[in-house]
Amino acid sequence: MWVTDECKNSFMEMKWKKVHRYIVFKIDEGSKLVTVDKVGGPGEGYDELAASLPTDDCRYAVFDFDFVTNDNCRKSKIFFIAWSPTASRIRAKMLYATSKEGLRRVLDGIHYDMQATDPTEMGMDVIKDRAK
């Protein structure tokens, strides 16, 4: 499994320049390349990320979550989400499960890791609890 330069560059732009709120990655089963599927602009939010994930196929996503701490400090945490819905094919689930760590190693700076099979497992309340 190979990660394209587009994936690395998009992640760095999200992390340092804040030009993306989220990035959705997919694996091309023919070439075994991880590519960028969708990029969310800085004005988009968590709801747009959740809506962009397919209900019948696996994906990886990173989400830049901004929040204010109890001490009134603005912070940002990057979440890695392994999306594997129950309706997806077994082969796709296996491919994404075995390729996850390879992508995680390339994306340096991820704070939290989540596995989700339906939107309730990666809801905004779960993200807020983990970030704080």
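If you read the sequence from its start, that first residue is 1, and numbering goes on from there. What you see is a predicted model, and the numbers here were worked out from it, not measured in a lab.
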Can you tell me how far apart CD1 (Ile27) and OG1 (Thr98) are? Round to the nearest 0.5 Å. 7.0 Å

Are a donor atom and an acceptor atom from the side chains of Glu121 and Thr117 found within less than 3.5 Å of each other? yes

Would you say that more than 12 heavy atoms from the other residues, nucleotides or ligands in this model lie under 6.0 Å from the NZ of Lys75, or not? no

Starting at OG1 of Thr55, measure out to CG of Asp118 and round the result to the nearest 0.5 Å. 11.5 Å

Can you find a heavy atom in the side chain of Val62 that is under 4.5 Å from one in the side chain of Met14? yes

Among the clusters formed by ILVMFWY side chains lying less than 4.5 Å apart, do Phe67 and Phe63 turn up in the same one? yes

Close side-chain approach of Phe11 and Asn9, heavy atoms under 4.5 Å: no

With heavy-atom distances below 4.5 Å as the criterion, would you say the side chains of His20 and Glu44 are in contact? no

Starting from the C-alpha separation in whole Å, work towards a yes-or-no answer on side chain to side chain donor-acceptor pair (under 3.5 Å) for Asp64 and Ser76. CA-CA 7 Å; Asp64 189 3; Ser76 176; 2.4 Å; yes

Establish, yes or no, whether the cationic atom of Arg104 lies under 6.0 Å from the six-membered ring centre of Phe80 and within 45° of the ring axis. yes

Donor-acceptor pair, Tyr60 side chain versus Ala82 backbone, under 3.5 Å? no

Ring centers of Tyr112, Phe79 separated by less than 6.0 Å: yes

Do His111 side-chain atoms and Ile78 backbone N/O form a donor-acceptor pair below 3.5 Å? yes

Nearest heavy atoms of Ser88 and Cys58, plus distance in Å: OG-SG, 3.5 Å

Kindly indicate whether the side chain of Ser84, heavy atoms from C-beta on, has any atom under 4.5 Å from the side chain of Gln115. yes

From CA spacing to verdict: side chain to side chain contact (heavy atoms under 4.5 Å, CB included), Arg21, Asp66: CA-CA 9 Å; Arg21 175 64 63 197; Asp66 295 325; 2.7 Å; yes

Tell me, with the steps shown, if Ser52 and Glu48 meet side chain to side chain donor-acceptor pair (under 3.5 Å). CA-CA 6 Å; Ser52 71; Glu48 288 84 4; over 6 Å; no

Salt bridge check: are Asp57 and Arg59 linked by an N-O gap of less than 4.0 Å? yes

Do Asp108 and Lys15 come within less than 4.5 Å of each other through their side chains, counting heavy atoms only? yes

Do you see a donor-acceptor pair shorter than 3.5 Å between the side chains of Thr69 and Asp71? no

Between CG of Asp28 and CG of Leu33, what distance do you get to the nearest 0.5 Å? 6.5 Å

For Phe25 and Leu103: C-alpha separation, side-chain torsions, deciding distance, then whether side chain to side chain contact (heavy atoms under 4.5 Å, CB included) applies. CA-CA 10 Å; Phe25 304 100; Leu103 178 61; 4.1 Å; yes

Salt bridge (charged side-chain N to carboxylate O under 4.0 Å, His left out) between Glu13 and Lys8, worked out: CA-CA 9 Å; Glu13 288 175 350; Lys8 299 171 196 173; over 6 Å; no

Are Met94 and Val34 in one and the same hydrophobic cluster, where Ile, Leu, Val, Met, Phe, Trp and Tyr link if side-chain heavy atoms are under 4.5 Å apart? no

Heavy atoms, side chains only, cut-off 4.5 Å: are Val24 and Val36 in contact? no

Do Leu107 and Trp2 sit in one hydrophobic cluster, given that two such residues count as connected whenever their side-chain heavy atoms are within less than 4.5 Å of each other, even indirectly? no

I'd like to know if the side chain of Ser99 reaches the main chain of Tyr96, judged simply by a donor and an acceptor atom lying under 3.5 Å from each other, with no hydrogens or angles considered. no

Taking the side chain as every heavy atom from C-beta outward, state whether Lys77 and Ile127 have any pair of such atoms under 4.5 Å apart. no

Okay, side chain of Lys100, backbone of Ala97: is any donor-acceptor separation there less than 3.5 Å? no

